[in-house]
Amino acid sequence: MKRAGLVILCTFLLIALIGPELIPLDGTSHYEERFAPISWRHWLGTDYAGRDVWAQLVHGSRDILLIAFSTGVFAVILALLVGVGSALIGGVVDALLVGAVDVFLTVPSFPLMAILSALFRVGDPITFGFLLALWSWPGLARSLRAQVLTMQHREFIEVARLMRMGSWHILWREIFPNLVPYLSLNFILIARNAITASVGIMMLGLVPLRVENWGMMLNLAAFQSGALFLPQGRLYLLAPLSAIILFQYSLILVAGAVEEYFDPRLQRN
Amino acid sequence: MKQALLGVLLAGCAAQVPQTGILCTAGEWDMPPAYHGNPWAPGGVGVARSFVFEGLFDYIPQGKQLIPRLARSFEETPQKLTVHLEPNVRWHDGHSFSSADVAATFQVGFLKGLEIWYYLDHIETPDDLTVIFHWRRPSPTNRLLALTEPIVSPAHLNQQHLDALRGLPHQEGERDATAEAARRELLFAERPPLPMGTGPFRMRKVTASDMVLDRFENYYRAEQMHLQGVRIARWGRNEVIWSYLYAGQLDAISPACPFDVAQEILRRNPSLSVRKPSDMNEMGLVINCRDKPLKDLSFRRGLAYGLDREAIRQLACPAGDTSQGLSLGLVPSQAEEWLGNQYSSGLTRYSYDSEKARQLLQNAGRELEIMAPAGFTDLALLAEAAASQLNKLGVAANVRLVQGELYAQLMNEGKFDIAAVFGAQMGPTVHPSTSEGRFFAADAQLEKASGLPRSRQAQDWVAELRVSLDPRRTRELTGRLARQQNESVSFIPCFEKRLMVFVQNGPRVEGWPSEDSPLWSAAPLGVERLYCSLAVQGYLRPSK
């Protein structure tokens, strides 16, 4: 199953990498062809404007993958730096960092995003991912800090200290491998949330609206275009939904593989 | 035991379903505890306004018919309008209704900026059943402004506000903004729990999900009215309304609705039918002409030629009427009435012509952004369709959704390229001064947004149009403004919006007028107000 995850993920990456070059996307509407069924011309039918759904999925995959991955990466790095840093350094730095985390946890993101949308334009998916990551890391940072604080008093860390292992060794060889499963699971959750959150950000106007964004496709299908209410519109609804589910499932399987790689007990089994 | 339990369960379910004679619709209001019954203060009252309050007359634009409500008749000269009120009218608290209440409403309404005060000098109440409006500026619209304004302020409950308003100057140039603000604050501070009016229905309760209104038994036309009450569900989102319609739980509602969804709803629920009156407004794209390339008239013309409005209309407003390539500052369906049948002669018609557009749209130089208000499905779809068409023409364009308040701010500050907006709007007076005023009046939002130099001459024409009683002069001024608007290409109209009013001759209510009835032309002035008017006129009856 772990291999299946890798295969699905690689397929998505391949689609995102070369798909848009091979499959053209005609964004204009062809009203008379709306909600067309599966055909040789339209592999996954058409949407409410008669646009090809498969082409939208392919063209949306690059942005979606970049947004999901970059949000996950930025959020995990920020959480690691702040959470692990504050636990290891302690004292005033710990108090300051915990204070910063609390501020980020309590500041309501929605009104702040609305204000930001008046000031800034975000064009590329990496910056978009960073923006989403800004509101995704604090909870993880707090959990990591708590885990590291607990771990510091566990026997194997005490032993490492008695054996005069360096701080870097303790951090990277003793503590970090124990955090990896937790980090990979959170990476997936954050990446998943990024897809749905991206719709909210588009609705706020912080980034341009893209009808080929999978989350936006789902939103348009379920709410704006009424595909949810139409038998002929179900395919348009199911296509982005299935893509999102498959993508997340592949991430979960890959996360399981990562966990296995870092956990010797799982490797033995 | 099982049967008893089932009985209790079914009885519970039955209690949730409104009985025959109860009109079920949906609308918006502030959820309790924010809800209040002050019709002047922000928030509050909500959709109940149309059922609890009423005006002196109901106006039907098609045929220009005035149907008596609180008033029986009127007579007028250019200088004054004399209205004779219906006797035996009572407020919901039992107090008698009189001319003092009409005067109180307009006087208190001055603080809220009622448009009538541009024309009105003072109101006289010679007796309890007569009101005389004395005009400072006689105009073709002042009669409607006086006769259709809901009467919401009973004099017996507003004495302190009327006392506070005494001596406050009403004329422009003499007004005291500070004093007005202080009195407005006093007015807004009042928070009765429920609204109280003279209308055919009185509020019983309001919750986060429902409003319940009962028939007002002392209503002066009670013998003519057959309905027992109104139940209003909270609107929320359009999809919720579509679900209600699927389930047959609403008797009348006017949601934005894609063509296919409407067809599916009608197929599933045969007791429903649709009326499609014009909404008396036009949707399109306002252009910010401050910066290049939109500063160039030829580029703007290229945009006007390059947009396939029929394709946009199909997506964004399937029930609407496609704009025919003219931007007149009037709703297209009213153009002939106000400009004559030769109205398009001498005007540039920007019919869809992609080749011409390509020639004019060269060297855009940058990506254009089309702004649309979040939550307005039709405007968002309009923007999206326009952006994709421009991209196909080689002009890079994207869409940006913006929240309501911020949207207005960005428009006012000129921080946008192109924005999807309502253009010409002719309600509630259905007069060209209203719609041309949106483009050319001194405080015109659309001209301000476009950034074109303000035309003093056009402002004067609008000011004259507002008070012109000569039909020939009215047509001449409207024509001049239409020409100026059309040739500036600061606004590209895409379609005239039509409402989709779903009505159900179903298990609770029946008697909806047929599609060709002129009564539906009143829908854009307030569709709930029309439902209430139909109830008062006796059209709506409990289902047999």
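Not measured: the values here are computed from a predicted model. All chains are named by letter (A, B, ...) in the order of the sequence lines, taking the proteins before the strands, and each is independently numbered beginning at 1.
To the nearest 0.5 angstrom, B:D260 atom CG is 4.0 Å from A:R34 atom CZ. The NE2 atom of A:H30 lies 10.5 Å from the CG atom of B:L315; values are rounded to the nearest 0.5 Å. Going from atom OG of A:S29 over to atom CD of B:Q389 covers 6.0 Å, rounded to the nearest 0.5 Å. Put simply, CG on A:L230 and CD1 on B:I265 are 9.0 Å apart, with the number rounded to the nearest 0.5 Å.
Residue contact with chain B, scored on non-hydrogen atoms closer than 4.5 Å, involves the backbone of A:A222 exclusively. For B:Q409, no part lies under 4.5 angstrom from a heavy atom of chain A. Heavy atoms closer than 4.5 Å to chain B are found in the backbone of A:S225, but not in its side chain. For a residue to count as touching a neighbouring chain, one of its non-hydrogen atoms must lie under 4.5 Å from one of that chain's; by this rule B:A385 does not touch chain A. Only the side chain of B:L381 has a heavy atom closer than 4.5 Å to any heavy atom of chain A. Contact of B:Q314 with chain A is made through backbone and side chain together, with heavy-atom distances under 4.5 Å. In this structure, chain A has a heavy atom under 4.5 Å from the side chain of B:Y246, while its backbone stays farther away. Proximity to chain B (any heavy atom under 4.5 Å) is shown, for A:Y48, by both the backbone and the side chain. With a 4.5 Å cut-off on non-hydrogen atoms, B:N398 touches chain A through its side chain but not through its backbone.
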B:R400 and A:L209: CA distance, side-chain angles, deciding distance, side-chain contact (heavy atoms from CB on, under 4.5 Å) verdict: CA-CA 5 Å; B:R400 185 178 173 224; A:L209 182 139; over 6 Å; no
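Side-chain contact check for B:E264 versus A:P231: some heavy-atom pair is nearer than 4.5 Å. Using a 4.5 Å heavy-atom threshold, the side chains of B:P318 and A:Y31 count as touching. Taking 4.5 Å as the limit, every side-chain heavy atom of B:E239 sits out of range of all side-chain heavy atoms of A:L228.
Within a 6.0 Å radius of CZ in A:F12, more than 12 heavy atoms belonging to other residues, nucleotides or ligands are found. More than 12 heavy atoms of other residues, nucleotides or ligands sit less than 6.0 Å from atom CZ of A:F247. Residue B:Q445 qualifies as open at atom CD: its count of foreign heavy atoms under 6.0 Å is 12 or below. Environment of CH2 in A:W43: sparse, with no more than 12 heavy atoms of neighbouring residues, nucleotides or ligands closer than 6.0 Å.
The contact list for residues 16-27 of chain A toward chain B, using heavy atoms and a distance under 4.5 Å, reads A:D26, A:G27 by residue number.
Taking each heavy atom of B:W242 and A:G226 in turn, the nearest pair found is CZ3-CA, 3.6 Å.
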